[in-house]
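Because only heavy atoms are used, hydrogens play no part in the values below, and waters and symmetry mates are left out as well, while side chains stay in. All values reported here derive from a predicted model rather than from experimental measurement. Start at 1 and go down the list; that is how both ligands and their atoms are numbered.
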Amino acid sequence: MTERRQFRAIKGTRDILPPDSARWNWFEHTAREVFESYNFGEIRTPIFEEIELFANSIGAETDIISKEMFAWDESGTPVESTLQNHWMRKHLDKLARVDKQPVFANRMQPDLVVRTDGGISVVEFKRRTINQATIANIKEYRKAFREQFPGETSARLLLVFAEEPSEFVRRLAAANEVEIEVLSLSGYEPRQSLALRPEATASVCRAYIEHNMHALPGNQKLYYIGPMFRRERPQKARYRQFYQIGAEVLGQSDAPAIDAEVLEMLLVFFNRVGLTRTTLYINSIGDKNCRPRYVEQLRKELLKVKDRLKEDSQRRIETNPLRVLDSKIPEEQPIIEKLPRISDHLCDDCRAHFAKLKEELNLRGIEYKENWRLVRGLDYYTRTTFEVTAEGLGSQNAVCGGGRYDGLVELLGGPPTKGIGFAIGTDRSILSIEESGNSPKLGGLAVYIAWMGHASYPAAVSVARKLRAAGLAVELPPEEMKFKKSLGLADKLGARYAVIIGEDEVASRTFTLKRLADGDQKKLAEGELLEYLESERRR
Ligand code: HAM
């Protein structure tokens, strides 16, 4: 006998069942209503993308990218055969054998390195826009090649591109003694590293660029609802598949009024869903003019106290000193409190932007607290950053995070663009609403149809359909039951009314309507029944 295995949801994921799912729908529906009243439109992006999209935006050194990605490689078309069909055919006489591949430090491995007897090496690039990463790679490929094939001083490095490289790349290649050949690899699907999205801002920027949305009139105001994936250690209010509702504004303006309106919309939404015991924290982390100088100063000060910091913070002094400010370790707190503050190092433009933002928030009656340590765990932020915390969640109490990311679209190969947005954690928000006792009473079963005797069945089917068409939730038992049992089930299902149809009712062409809360009962004709229950629904 084969042993039967019971399956369970993977750790860090969960099922959302009725009636909880009704609360989720209500939460998301309310977000749509509020966001659309601010003229935001919904964008739906895929839940997986190229891993490089996330690495280039969120930052390779962040926890999300370095530890928490669900990623895998797609095989694509074998590049060997593709090359054989194209370039190799042309150069067949020069080719010898496929040799070992150099190992590259970053994830952007070429698909194949072929060495020829003549000391020529072919590096095949993945098809993608020729960008900063490609330029960096030329240097890296050259270095890796030299390290792995020492003594091959006469070896030439030949880069094969599937697309025309820019003039800049050509010049850079020439300066590095690298030859370039462009091939049209028709039918070739490159191998790709893909990842489940850990967040959606990068995807929204990718879509903005891909669909030329900068050419559309006005700012692009987009919102999204859906699951995100991070391989974090599961705990209360922290999941590996969790849900976000996010909003982004992309366009030419970085007016602080946009930041303020986005925050107003967020708080109007939280208010509408009863998430009221919250605190909004704001900060400005400067821009590319003032932040590098501040970070250097911070690094210097951190080096002075390095011995008193724990391992994570010590490492971050090198990789990302700003993240030390995020530390929650009690012993580090007095040290961090004495570090230089970004607010004292903002350039004039950033300082003015932050002052104006606070003015705009005051104008809207929005309460906030400044928190100079709010640097956030993603690298793309400039200037405004913010977070909303809620009560009742323990250590995972951030229900929303966001900020400005001017320059991110450009970094991803798009035109100069300003951006700001936020993402609400749905799981945590709903948990907090439940714990505060603010959950609304939603829907539920309105009518249970208790029928008995075959003669009453057609009337039961017909009235169920009419009540459902009128917008009521109706349960029609598929099999005949004794009245006592049937009404018992109606009670257990939490129905508000039972419509009873038996021999008497069929004979008199009426229905008995019973209010289950108090047992009150009356006989009604079909028209009266529909009218009565419809008016009940509206109450
Ligand atoms: P984030 O701060 O990484 O920002 O995530 C936003 C919210 O998602 C958090 O405040 C939290 O409520 C929720 N969240 C994050 N991780 C988990 C988890 N493992 N379990 C449950 N909830 C979680 C972003 O994602 C940015 N994309 C926000 C943004 C949009 N910035 C600009 N535009």
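Residue contacts with ligand 1 include G403, since one of its heavy atoms falls under 4.0 Å from the ligand. Using a 4.0 Å heavy-atom cutoff, Y380 is listed among the residues neighbouring ligand 1. At a 4.0 Å cut-off, at least one heavy atom of R376 sits close enough to ligand 1 to count as contact.
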_side chain to side chain donor-acceptor pair (under 3.5 Å) assessment of T426 paired with E28_ = CA-CA 8 Å; T426 305; E28 292 176 349; 4.9 Å; no

*Tell me, with the steps shown, if Q235 and S395 meet side chain to side chain contact (heavy atoms under 4.5 Å, CB included).*
CA-CA 10 Å; Q235 63 177 80; S395 66; 3.2 Å; yes

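Side chain of R428 to main chain of V399: no donor-acceptor pair is present (N/O by atom type, distance under 3.5 Å, no hydrogens or angles). At least one donor-acceptor pair under 3.5 Å links the side chain of R299 to the backbone N or O of I317.
The closest protein non-hydrogen atom to atom 23 (C) of ligand 1 is F242 CD1, 3.4 Å. Protein heavy atom in closest approach to atom 28 (C) of ligand 1: G401 O, 3.4 Å. Taking atom 13 (C) of ligand 1 as the reference point, the nearest protein heavy-atom neighbour is G425 CA, 3.6 Å. Ranking the protein heavy atoms by distance from atom 20 (N) of ligand 1 puts Y239 N, 3.0 Å first. Closest to atom 7 (C) of ligand 1, if we only count protein heavy atoms, is A423 O, 3.6 Å. With respect to atom 31 (N) of ligand 1, the closest heavy atom belonging to the protein is Y381 OH, 2.6 Å. The protein heavy atom nearest to atom 9 (C) of ligand 1 is A398 O, 4.0 Å. Of all protein heavy atoms, the one closest to atom 27 (N) of ligand 1 is E199 OE1, 2.5 Å.
A 4.5 Å side-chain heavy-atom check between D344 and Y294 finds every atom pair outside the cut-off. Residues C347 and D287 form a side-chain contact, since some pair of their non-hydrogen atoms from C-beta on lies under 4.5 Å apart. In this structure, Y208 and L412 have side chains that are not in contact, with every pair of non-hydrogen atoms separated by 4.5 Å or more.
With a 4.0 Å heavy-atom cut-off, ligand 1 is reached by the side chain of Q244 but not by its N, CA, C or O. If you look at Y405 next to ligand 1, the close heavy atoms, those under 4.0 Å, all belong to the side chain. Within the 4.0 Å heavy-atom criterion, the part of A237 lying near ligand 1 is the backbone and not the side chain. Residue contacts with ligand 1 for C400 involve N, CA, C or O but no side-chain atom from C-beta outward (heavy atoms, distance under 4.0 Å). Residue-level proximity to ligand 1 for R230 is carried by the side chain, the only part with a heavy atom below 4.0 angstrom.
Scanning both residues, V409 and C205, for their nearest heavy atoms gives CG2-SG, 3.8 Å.
Looking at K310 and D312, no side-chain N of the basic residue comes within less than 4.0 Å of a carboxylate O on the acidic one, giving no salt bridge.
Under the salt bridge (charged side-chain N to carboxylate O under 4.0 Å, His left out) criterion, R277 pairs with E391, not counting sequence neighbours.
Close approach of ligand 1 to E232 (heavy-atom distance below 4.0 Å) involves ligand atoms 16 (N), 17 (C), 18 (C), 19 (N). In summary, the atoms of ligand 1 found under 4.0 Å from a heavy atom of V399, numbered by their order in the structure, are 10 (O), 12 (O).
When the heavy-atom distances from atom 33 (N) of ligand 1 to E248, M228, Q396, R428 are ranked, the shortest goes to E248.
Using bins of under 30°, 30° to 60° and over 60° for the plane-to-plane angle, the ring pair F35/F269 lands in the perpendicular bin.
Rounding to the nearest 0.5 angstrom, the gap separating the CG atom in L194 from the CD atom in E50 is 7.0 Å.
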